[in-house]
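Okay, structure first, notes after.
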Amino acid sequence: MTHDELLKSLPPDTRASLHEMSDAAGLQHLAGHLSGLAVTGAWIGTGAPLWWLALPLHGALLVFLFTLQHECTHKTPFASRPLNESVGHITGFVILQPFLWFRYFHLAHHRHTNDPDNDPELTAGAKPATRRAYLWHVSGLPVWSWLGRQMFENAFGTPQSPYLPARVLPRLRREARFMLAGYGLILLIAPGPAFWLWILPMMLGQPLLRLYLLAEHGRCPHVANMLENSRTTYTTRAIRFIAWNMPYHIEHHSAPNVPFHHLPELHRHMRDHLISTSQGYVAFTRDYVSTLEG
């Protein structure tokens, strides 16, 4: 059975309910995520005892805003389209990833999931196959370099990626230039707080995001069936929360218009048919590392 056949086998009323979006559900989840950031930020900012322990926690909450921005590309975390767009742009600014550009990048990933010739997640940098490449990848340093180059190319060059239509290039240029101007202003006005509450935590949190993202498709077969080319990872409630339920990744790729808060329900309908799964991120990492060369 393919993911399409499985979804078509669901009753029409079930499919309809799974696609219902909600501002309340999205705002409640966002409030929880922002509350976590407020707590860790205050812990660091006030210099409370053991404040340095909060740096990676704060960083994890910051970098995992990626999963919220990702959802905004699908226009699903909120019922309100302006809210989806606003949150997408704001989170993109925080994580140094232009929202408009990422929407085109990510939708191409959905069209060509795990296709080594067309999936931009693979053409931008294949999954590491050696121990040295793995350590470099997980460090997070390559992604900062890549995002920086993409930002400057969008702002001052002419991006040539096949998933970017020519009509959108002027908007990409304005978006990138606005973001660069904003970063310059922040570093000019408040370089100290920016370093301790944003830059350093993001660098410490990025390896956690890299490990998480590797599990989504790493070592999955290059086939069209979403039950195989994506992976659902069984994990803790806390990780599902900060990742906006994206560990249910087969479910998301099978039905990308199902909002995050309905993915657990969709999982209950699909779980007996999932092919690529992992019993946690530690288990996935152990299995992945065991296949590395060198």
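Between Trp198 and Met202 the shortest side-chain heavy-atom distance falls below 4.5 Å. A 4.5 Å side-chain heavy-atom check between Leu37 and Leu65 finds at least one atom pair inside the cut-off. Tyr163 has its side chain out of reach of His109: every pair of non-hydrogen atoms, C-beta onward, lies at least 4.5 Å apart. Annotation: side chain of Phe64 is not in contact with side chain of Met246 (no heavy-atom distance under 4.5 Å). Between Thr233 and Tyr212, the closest side-chain pair of non-hydrogen atoms is not below 4.5 Å. Considering only heavy atoms from C-beta on, Thr73 comes within 4.5 Å of Phe99 through its side chain. The shortest side-chain heavy-atom distance between Leu7 and His269 does not fall under the 4.5 Å cut-off. Between Gln69 and Val94, every side-chain heavy-atom pair lies at or beyond the 4.5 Å cut-off.
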### Query
Between Asn225 and His3, is a side-chain contact (heavy atoms from CB on, under 4.5 Å) present by the stated rule, with each step listed?
CA-CA 6 Å; Asn225 185 7; His3 67 281; 3.5 Å; yes
### Task
For Leu6 and Met270, run side-chain contact (heavy atoms from CB on, under 4.5 Å): C-alpha distance rounded to whole Å, both residues' side-chain angles, the deciding distance at 0.1 Å, then the answer.
CA-CA 7 Å; Leu6 177 53; Met270 297 181 65; 3.7 Å; yes
### CA sep, side-chain torsions, deciding dist, call: Leu122, Asp115, side-chain contact (heavy atoms from CB on, under 4.5 Å)
CA-CA 8 Å; Leu122 296 179; Asp115 178 345; over 6 Å; no
### Evaluation steps, side-chain contact (heavy atoms from CB on, under 4.5 Å), between Glu121 and His217
CA-CA 10 Å; Glu121 283 197 2; His217 303 282; 4.0 Å; yes
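No hydrogens or angles considered: a donor-acceptor pair under 3.5 Å links the side chains of His253 and Thr113. Arg149 and Ser145 share a side-chain donor-acceptor pair at under 3.5 Å. For the residue pair Trp244 and His33, a side-chain donor N or O sits within less than 3.5 Å of a side-chain acceptor on the partner.
Residue-environment remark: CZ (Phe156) exceeds the threshold of 12 foreign heavy atoms within 6.0 Å. By the neighbour-count criterion of 12 heavy atoms within 6.0 Å, atom CH2 of Trp51 is densely surrounded, having more than that number from other residues, nucleotides or ligands. Atom CZ of Arg171 is surrounded by 12 or fewer heavy atoms from other residues, nucleotides or ligands within 6.0 Å. No more than 12 heavy-atom neighbours from other residues, nucleotides or ligands sit within 6.0 angstrom of CZ on Arg132.
Across all their heavy atoms, Thr2 and Glu5 have their closest contact at N-OE1, 2.9 Å. Summarising the geometry of Lys8 relative to Arg15, their closest heavy-atom pair is O-NH1, 3.3 Å, with the distance given to 0.1 Å. Among all heavy-atom pairs drawn from Pro191 and Ile189, the shortest one is CD-C, 3.6 Å. Smallest separation of non-hydrogen atoms from Pro98 and Met151: CG-SD, 3.8 Å. Pro159 and Asn154 make their closest contact through CG-OD1, 3.2 Å (heavy atoms, listed as atom of the first residue, atom of the second, distance). Summarising the geometry of Ser254 relative to Leu227, their closest heavy-atom pair is OG-CD2, 4.4 Å, with the distance given to 0.1 Å.
In this structure, the side chain of Asn114 engages the main chain of Pro221 through a donor-acceptor pair within 3.5 Å. With Arg210 contributing its side chain and Leu141 its backbone, the two residues share no donor-acceptor pair below 3.5 Å. Ser86 places no side-chain N or O within donor-acceptor distance of the main-chain N or O of Leu83, the cut-off being under 3.5 Å. Looking only at distances, a side-chain donor or acceptor of Thr232 sits under 3.5 Å from a matching main-chain atom of Ile250. A donor-acceptor pair under 3.5 Å is absent between the side-chain atoms of Asn257 and the main chain of Thr76, judged by distance alone. Here the side chain of Asn84 pairs a donor or acceptor atom with the backbone of Ser80 at under 3.5 angstrom. Arg177 contributes a side-chain N or O that, together with a main-chain N or O of Ala155, makes up a donor-acceptor pair within less than 3.5 Å.
Using a 30° and 60° split on the angle between ring planes, Trp101 and Phe105 fall in the tilted class, from 30° to 60°.
Outside the 6.0 Å centre-distance limit, the rings of His74 and Phe260 are not counted as a close aromatic pair. Taking the six-membered ring where the residue is Trp, the centroids of Tyr183 and Phe93 are separated by under 6.0 Å.
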Report all side-chain donor-acceptor pairs from residues 272-283 shorter than 3.5 Å, counting only partners two or more places apart or in another chain.
residue	atom	partner	partner atom	Å
Ser276	OG	Glu228	O	2.7
Ser278	OG	Gly280	O	3.2
Ser278	OG	Phe284	N	3.4

